[in-house]
Amino acid sequence: MRWSNAFIPTLREDPADSEAVSHRLLMRGGFIRQLMAGSYSLLPAGFRVATKLSDIIRDEMNRIGGQEFSLPVVHPGEIWKRTGRWDDVEGILVKFQDRRGTDLLLAITHEEIFSHLAVEMSSYKQLPQLWYHLQTKFRDEPRPKAGLLRVREFVMKDSYSFDVDTEGLDVQFDAHFDAYSRIFERFGMSAVPVDASSGVMGGTESIEFMVPSLVGEDHIVKCPNGDYAANLEKAVSHFQQVTDETWSRDPERFSTPGIRTISELAEAFEFASDVRQIKTLVYIVDGQPLLVLLRGDHELMEQKLIDGLGTQNVRPAHEDEIRELLGAGAGSLGAVGVSGLSIVADPALEGRCNMTTGANEDDFHLRGVDVTRDIALESWLDVRKVEAGDPCLSCSAPMEIERVIEVGHIFKLGIKYSEALGATVLDEEGKARPLVMGSYGIGIGRNMAAIVESNHDDKGIIWPMSVAPWHVVVVVLGGDSDVEAAAIQVHDRLESAGIEVLLDDRRERAGVKFHDAELIGFPLRITMGPRGLADGVVELTTRADGTTETVSFENVVDTVSRRVVSADL
RNA sequence: CGGGCUGUGGCGCAGCUUGGUAGCGCGCUUGACUGGGGGUCAAGAGGUCGCCGGUUCAAAUCCGGCCAGCCCGACCA
């Protein structure tokens with residue numbers, strides 16, 4: 001390919017509306033252009049990279065027995081009504097009608113349709129199955145951002161496994177775990193697998209693959225010894241222990257005028273340091289009030305509450321609801337003596353006594369509270385948000401919190417969809433059993449962005465060889481026709497050797513060509529100018545470390561071929 | 001959905017307060033010189049100033065409405 005015939009619109013300056021490094025570099029390098037919020041066109045260079053990612057994914061999916069499909073993007077609403085998601089999924093699901101008034105939707109994922117196809121299987125003998133496709137999803141996200149990292153329209157590889165029992169599911173899940181690990185390695189990223197919350201997908205177990213990045217939207221908790229890693233939404237840990245002095249009397253009410261926060265109370269009274277307070281939060285769960293108790297210095301992780309309660313319908317109570325329920329405003333709330341309301345408490349409060357909490361009367365608190373004695377708990381529920389430095393459960397080392405990008409997610413789905421859609425097979429005893437499903441996703445565009453986030457410098461992108469749009473660029477310097485002829489020869493020989501090469505034959509100055517080459521991030525650059533050619537040599541520059549070596553004109557194709565192959569495609 | 005901000009040649013921006021000729025840099029076209037890290041000179045092309053309405057003799061500029069995009073938060077299968 002000749003650059004002079006290619007559409008690679010590089011930009012000299014940063015586009016105005018871009019924050020994330022990957023967004024800037026993919027725009028400037030001529031890989032992508034924005035169409036509207038959360039919607040990007042892939043330009044030829046971008047599409048070449050996307051194709052590389054897709055091919056690697058296909059390779060690894062096929063290796064574990066995957067069969068590739070291609071399913072529609074517009075679905076009938078009827079099937080989604082059967083699984084309940086037509087109504088359950090709020091906001092991001094785009095619904096519309098065709099000319100006959102039939103309800104339709106844009107696919108946000110493909111569980112329904114793959115399950116619908118799986119209805120055709122009738123015997124356990126046909127299992128296991130592993131089906132996948134690479135297809136467009138449209139999720140009308142409230143806030144797309146950071147270029148390709150969070151978009152509304154995107155291509156995802158999603159696969160679905162079907163088994164007769166959970167043992168089969170476990171096997172397929174583990175196979176995906178291995179396949180995903182290989183995929184991200186081939187993408188040139190170090191992805192950390194972490195325990196994740198399954199959200200409303202209703203699965204039993206799920207693992208997210210996370211790549212560290214300052215622009216990531218998720219946080220993970222990591223043990224420095226590698227003993228533990230989890231999404232912050234689900235992470236658990238030890239916490240600093242507190243020894244209480246005994247207080248055998250009943251709780252004692254005392255006046256706390258104007259005090260509304262944990263820290264104000266801790267400052268005002270020596271016996272009420274934050275670890276000796278009970279934090280009382282009021283939530284509305286499925287329309288019913290719920291008190292959530294935490295140690296004063298601990299934060300609530302709402303997702304853990306949602307997961308623990310098993311319902312998505314959870315929100316903090318409003319100020320007026322709180323006052324009506326407990327008779328005081330936030331800041332003076334407590335659970336002592338409260339009856340008729342569900343109360344859950346974080347295990348960090350277990351066995352604690354001589355605690356301080358609100359008296360459910362503005363400007364008054366209670367001291368000497370014994371959690372088990374004085375509060376009518378319904379249950380213990382770990383809802384504490386892990387903080388940086390909290391000790392690891394297995395080795396007690398202080399854990400770290402890291403910002404990450406979610407590049408892949410694997411789920412044990414269970415039978416939610418197969419049951420709703422009647423996807424059953426007969427087992428060995430002739431009994432109908434719903435297929436046990438798993439679902440597994442990798443977003444192409446987000447991974448492209450994540451690769452750039454983890455492979456760049458101040459000059460531009462540094463593509464790993466495996467996913468580079470071209471392996472090598474041949475830069476022709478000077479207007480000399482002999483040099484150009486020699487460059488064309490090198491280009492043609494590389495191409496016949498199966499190397500992906502772009503010939504920069506533009507009538508540009510050397511600086512422009514070098515800057516563009518570095519911005520776009522070709523792993524290798526061959527520089528050919530009259531000077532070297534007179535001596536029968538060319539220069540070979542490695543993008544990653546910036547080193548340049550001199551190679552003879554005759555050997556350059558061999559040298560480059562070896563370098564491309566040894567980079568482990 | 002709440003808060004903040006922005007829409008002016010392909011890209012990045014100024015002009016708006018105080019209404020009157022639409023401007024700069026980059027890019028683009030042609031020519032000359034130059035030719036190993038975004039070069040120089042000369043001559044050009046290119047804009048319904050996001051859209052609709054209002055005020056005014058006159059609107060990029062003032063007023064109202066709408067649309068789009070960005071950032072923070074909420075949200076996020």
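Protein chains get the first letters and strands the later ones, always in sequence-line order, with residue 1 at the start of each.
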When you measure from the centre of the six-membered ring of A:Phe173, is the NZ or CZ of A:Lys412 closer than 6.0 Å and no more than 45° off the axis?
yes
Would you give a per-nucleotide map of nucleotides 24-39 of chain B, 5' to 3', where B means the base has a protein non-hydrogen atom under 4.0 Å away, S means only the sugar-phosphate does, and - means neither?
-BSS------BSBBBB
What is the pairing partner of B:U40, taking Watson-Crick or G-U wobble pairs with both distances under 3.5 Å in any strand?
B:A32
Ion pair check, A:Asp103 and A:Lys81, cut-off under 4.0 Å
yes
Taking 4.0 angstrom as the limit, do A:Arg543 and A:Glu518 come out as a salt bridge?
no
What integer number of Å spans the C1' atoms of B:C28 and B:G9?
11 Å
Kindly write out the residues that satisfy side-chain contact (heavy atoms from CB on, under 4.5 Å) with A:Ala517, not counting sequence neighbours, or none if the list is empty.
A:Val473, A:Phe522, A:Arg525
Could you work out the separation of B:U17 and B:U34 based on their C1' atoms and round it to a whole Å?
47 Å
Integer angstrom distance from the P of B:G46 to that of B:C33:
28 Å
Nucleotide forming a Watson-Crick or wobble pair with B:C11, both distances under 3.5 Å:
B:G25
I'd like a list of close polar pairs between nucleotides 71-75 of chain B and the protein, N/O only, cut-off under 3.5 Å.
from  : atom 1 : to       : atom 2 : distance (Å)
B:C72 : OP2    : A:Arg143 : NH2    : 2.1
B:G73 : N7     : A:Arg143 : NH1    : 3.4

A:Tyr417 ring center near A:His116 ring center (under 6.0 Å)
no
C1' spacing across the pair B:A14 / B:G23, given as an integer number of angstrom:
7 Å
Note: A:Glu217-A:Lys145 ion pair, threshold 4.0 Å (strictly below):
yes
Could you check whether atom NE2 of A:His298 has more than 12 heavy atoms from other residues, nucleotides or ligands sitting under 6.0 Å from it?
yes
Charged N to carboxylate O below 4.0 Å: is that the case for A:Arg28 and A:Asp14?
yes
Taking the P atom of each, how far is B:C1 from B:G38, in whole Å?
49 Å
Which whole-number value in Å describes the distance from A:Tyr40 OH to B:G69 P?
11 Å
